[in-house]
Amino acid sequence: QVQLVESGGGLVQAGGSLRLSCAASGRTFRNSAMGWFRQAPGKEREFVASIARGYGNTNYADSVKGRFTISSDNAKNTIYLQMNSLKPEDTAVYYCAADANTSWGSTFVRAADYDYWGQGTQVTVSS
C-alpha cells in the first residue's frame, strides 16, 4: 500500500521559515515526478512546486519562486519543501503528491498528473 505522509507544518510568524517533509512508503519514486500543492479555505488546490526525482529538474509557482525550495533525498524516499520569507497568504493545507510513472525529467503542475496524495499538513502564517 502506497502512502505519502507529510510533516513539518505549524504556526509561524510572517517572515519566518518552515520545512515540510513528505515520506513515501510502499514503493519507491526514484525517477518519478513529485510535487507540493496547497489549498487555502474557500480556494481551489493550487500548484506550489515539483521535482523530477533522479533528474533534478524543478518547477515553482510564480508566487513562491525565490522563497521556496523543493528537494529530494532518494535514499530516504522523501522530498522536502523549504519555505522561507513566509507570508500570511501562504497559509493553507499543504499536500504532497507523486506520479506513478517515470518522469523522464518532466515536472508536472496539474493535480490531475499525480496518482498518489498525502493527507496534508497545515501551515499557518500570522501577520
Side-chain angles (χ1 to χ4, degrees):
Q1 181 181 358
V2 175
Q3 280 192 315
L4 302 178
V5 179
E6 302 97 335
S7 62
L11 173 64
V12 64
Q13 288 189 332
S17 299
L18 284 173
R19 188 176 85 150
L20 305 183
S21 300
C22 171
S25 62
R27 60 159 284 178
T28 62
F29 294 96
R30 187 171 292 112
N31 293 310
S32 299
M34 294 187 70
W36 290 95
F37 289 74
R38 66 188 182 186
Q39 188 167 18
K43 295 189 176 181
E44 293 188 352
R45 190 170 298 191
E46 66 174 1
F47 168 75
V48 175
S50 62
I51 186 167
R53 302 185 79 199
Y55 298 90
N57 298 332
T58 59
N59 198 352
Y60 295 93
D62 288 341
S63 60
V64 307
K65 208 169 287 185
R67 299 188 297 122
F68 291 10
T69 303
I70 188 171
S71 62
S72 172
D73 185 337
N74 278 3
K76 295 183 179 180
N77 210 20
T78 298
I79 65 167
Y80 304 94
L81 185 68
Q82 177 66 44
M83 305 186 295
N84 298 329
S85 302
L86 282 161
K87 305 175 181 180
E89 51 263 44
D90 294 318
T91 295
V93 177
Y94 283 71
Y95 296 92
C96 173
D99 177 46
N101 304 306
T102 298
S103 74
W104 302 112
S106 296
T107 56
F108 304 133
V109 302
R110 299 186 313 155
D113 289 325
Y114 293 91
D115 301 294
Y116 303 102
W117 291 85
Q119 293 299 307
T121 186
Q122 176 71 47
V123 172
T124 303
V125 185
S126 63
S127 57

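Heavy atoms only: backbone and side chains are in, while hydrogens, waters and symmetry mates are out. Numbers for residues simply follow the sequence, beginning at 1.
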Met34 with Leu81, same ILVMFWY side-chain cluster at under 4.5 Å:
yes
Looking at Gln39 and Lys43, what are the two nearest heavy atoms and their distance?
NE2-O, 3.1 Å
Residues Leu86, Gln13; criterion side-chain contact (heavy atoms from CB on, under 4.5 Å); working and verdict:
CA-CA 8 Å; Leu86 282 161; Gln13 288 189 332; over 6 Å; no
Supply the atom-to-atom distance Cys96 SG to Ile79 CD1, rounded to the nearest 0.5 angstrom.
4.0 Å
Among the clusters formed by ILVMFWY side chains lying less than 4.5 Å apart, do Phe37 and Val64 turn up in the same one?
no
Distance col, row Asn57:CG vs Ile70:CD1, nearest 0.5 angstrom, shows 11.5 Å
Determine, using the 4.5 Å side-chain heavy-atom cutoff (strictly less than), whether Trp117 and Phe47 are members of one ILVMFWY cluster.
yes
For Ser71 and Asp73, does a side-chain donor sit closer than 3.5 Å to a side-chain acceptor?
no
Strictly distance-based, threshold 3.5 Å: is any side-chain N or O of Arg27 a donor or acceptor partner for the main-chain N or O of Val2?
no
Rounded to the nearest 0.5 Å, the OH atom of Tyr116 sits from the CD atom of Gln1 at a distance of 10.5 Å
Glu6 side chain vs Gln119 backbone, donor-acceptor pair below 3.5 Å
yes
Non-hydrogen side-chain atoms of Gln122 and Leu11 separated by less than 4.5 Å:
no
Could you tell me how the ring of Tyr94 sits relative to the ring of Phe68: parallel (under 30°), tilted (30 to 60°) or perpendicular (over 60°)?
tilted
Show the numbers, then the answer: is there a side-chain contact (heavy atoms from CB on, under 4.5 Å) between Met83 and Val123?
CA-CA 10 Å; Met83 305 186 295; Val123 172; 3.9 Å; yes
Qualifying salt bridge (charged side-chain N to carboxylate O under 4.0 Å, His left out) pairs with a residue from residues 46-56, counting only residues at least two apart or across chains:
Arg38-Glu46
Please determine whether a side-chain nitrogen of the Lys or Arg among Lys65 and Asp62 lies less than 4.0 Å from a carboxylate oxygen of the Asp or Glu.
yes
Check residues 18-25 and write down every donor-acceptor pair under 3.5 Å in which the side-chain atom is one partner and the other belongs to a residue at least two apart or another chain.
none

Would a distance-only check, ignoring hydrogens and angles, find a side-chain to backbone donor-acceptor pair under 3.5 Å from Tyr114 to Ala33?
no
In this structure, CH2 of Trp36 is separated from OH of Tyr60 (nearest 0.5 Å) by 12.5 Å
Interatomic distance, CG@Asp115 vs CG@Asp99, rounded to 0.5 Å, equals 5.0 Å
Run the side-chain donor-acceptor check on residues 100-113: report pairs under 3.5 Å with partners two or more places apart or on a different chain.
from	atom 1	to	atom 2	distance (Å)
Ser103	OG	Asn31	O	3.4
Ser103	OG	Gly105	N	3.1
Arg110	NE	Asp113	OD2	3.2
Arg110	NH2	Asp113	OD1	2.8

Can you tell me how far apart CG (Asn74) and OG1 (Thr28) are? Round to the nearest 0.5 Å.
8.5 Å
I need the minimum non-hydrogen distance between Ser17 and Ser85, along with the two atoms involved.
OG-N, 4.4 Å
